[in-house]
Amino acid sequence: MEQHEIESAEKHIRNAWIVGIISTAMTIVVSLVGAYNEDFRYSSGFDTWTLFDAALIAALTYGTYKKSRFSALGLLIYFVLSKFIAAASDGQFPFGFGALLFGYFYLMGTISAFKLHAHNKRLAEQESGPKKRSVVFYALTGFGVLVVGLFIWLIVISADGPGTEVIPGRQLKAKYVEFALNKGLLDPEEQIQFWYSDAFSDFTEGFYFFTDKKVVVYNKTWEEPALLMPFDSIQNISFTADPSLLEDSQLFLELTDGTYVNFPVSSDKGGDQRFHKRLRTLWKKAQAAQLTDTRSEQEEEQSKVTVVSYE
């Protein structure tokens, strides 16, 4: 490589790690905003968990700063994957002008890092001959690639997942509502109040929600995957809270036919309490309305006058 080519390569690498710093800072900011703003968190998917994303970007950015070709490649791969995951979730084209600009810097930085590494390797071989890599080097490199690959895989798998907290119906993703409508779990005039899924990546594995009329429990592994329970079929509601991160709280429904149904509700950010409180409020209103209707019918029956005709 000529001197001007080396300078150009180093410039592209510098641009890549500067963009990496910007991306790290932006990820940290939106993660903290998402942690304290529910509307932003549900619409963007950013919360305290995405600080792990920021940590990965920061680590890859530092490696790019040190002119590591694999770190530069990792930044490029992570960037492209994150955009396509967002596109799959939102159904929008993943690359606007800003995204294309970031992608350009990452791509050029990756190409330049590989070129610079090849140049430095040729110079080293000319001075001292080919350098043999030790078994330890290959073992550590393989382990590092495995760890980074596993981390990226977990991010890819969980990025489009249902999350770990209870979601208000008004902030629910459209695809969840469409699924419920298509499966006959939700009537068009109904409004989901709260929704939760304990699935890791595919929400259809199991989810639970209630409207102003009924409770729905869905698990695709069951022979009959859906249970639809109108409020007038529920005799009692009990709740067992579990504030730990490892276990969910449990809601228990006693039905009028003597059977019981229970399902998990995440305690993350107090979602289990909001789920239970709102469900109990709507259920009690439905009970009161039913009791009022029953009394009205009884009073109407009692007020009827029987006319006997004598002929």
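Values in this document were obtained by computation on a predicted structure and should not be read as measured data.
V33 is linked by a side chain to side chain contact (heavy atoms under 4.5 Å, CB included) to V29, N37, F40, counting only residues two or more places apart in sequence or in another chain. Applying the side chain to side chain donor-acceptor pair (under 3.5 Å) criterion to S197, with sequence neighbours excluded, gives no partner residue. Applying the ring pair (Phe, Tyr, Trp, His ring centres under 6.0 Å) criterion to F102, with sequence neighbours excluded, gives no partner residue. Contacts of H276 classified as ring pair (Phe, Tyr, Trp, His ring centres under 6.0 Å), with partners at least two apart in sequence or in another chain: F239. Annotation: side chain to side chain contact (heavy atoms under 4.5 Å, CB included) contacts of Q3 (sequence neighbours excluded): I6, E7. For S266, the side chain to side chain donor-acceptor pair (under 3.5 Å) test picks out no residue, with sequence neighbours left out. Annotation: side chain to side chain donor-acceptor pair (under 3.5 Å) contacts of K213 (sequence neighbours excluded): none.
Under the salt bridge (charged side-chain N to carboxylate O under 4.0 Å, His left out) criterion, the residue pairs touching residues 220-246 are D202-K220, with sequence neighbours excluded. Screening residues 210-238 for ring-ring contact (aromatic ring centres under 6.0 Å, His included) gives F179-Y218, F207-Y218, F210-F275 as the qualifying pairs, with residues at least two apart or on separate chains. Annotation: side-chain hydrogen bond (donor to acceptor under 3.5 Å, both in side chains) contacts involving residues 246-262, sequence neighbours excluded, comprise Y196-D248, S249-D272, Q250-N262, D257-T259. Sorted by first then second residue, the side-chain hydrogen bond (donor to acceptor under 3.5 Å, both in side chains) pairs that include residues 8-25, not counting sequence neighbours, number zero.
Cluster note: L51 groups with I28, L32 through ILVMFWY side-chain heavy atoms spaced under 4.5 Å, whether in direct contact or through intervening members.
Smallest separation of non-hydrogen atoms from K67 and L116: CD-CD2, 3.7 Å. The two residues G20 and I57 come nearest to each other via the heavy atoms O-CG2, 3.7 Å.
In this structure, the side chain of Q235 does not engage the main chain of S233 through any donor-acceptor pair within 3.5 Å. Put simply, the side chain of S82 gets close to the backbone of F79: a donor and an acceptor are under 3.5 Å apart.
At a threshold of 4.5 Å between non-hydrogen side-chain atoms, the residues T110 and L75 do not count as touching. Inter-residue side-chain proximity for S68 and Y62 is flagged as unmet; no heavy-atom pair is nearer than 4.5 Å. Two residues are said to be in side-chain contact when any heavy atoms from C-beta on lie closer than 4.5 Å; Q191 and Q193 meet this criterion. Contact annotation: the side chain of Y78 approaches that of D53 to within less than 4.5 Å [non-hydrogen atoms, C-beta and beyond]. Between L186 and V216 the shortest side-chain heavy-atom distance does not fall below 4.5 Å. Looking only at side-chain heavy atoms (C-beta outward), V215 and F263 come within less than 4.5 Å of each other.
The 12-atom threshold is exceeded at CZ of F114, counting heavy atoms of other residues, nucleotides or ligands nearer than 6.0 Å.
Note that CH2 of W283 and CE of M229 are 13.5 Å apart. Values are rounded to the nearest 0.5 Å.
A salt bridge links E190 to K214: at least one charged side-chain nitrogen sits closer than 4.0 Å to a carboxylate oxygen.
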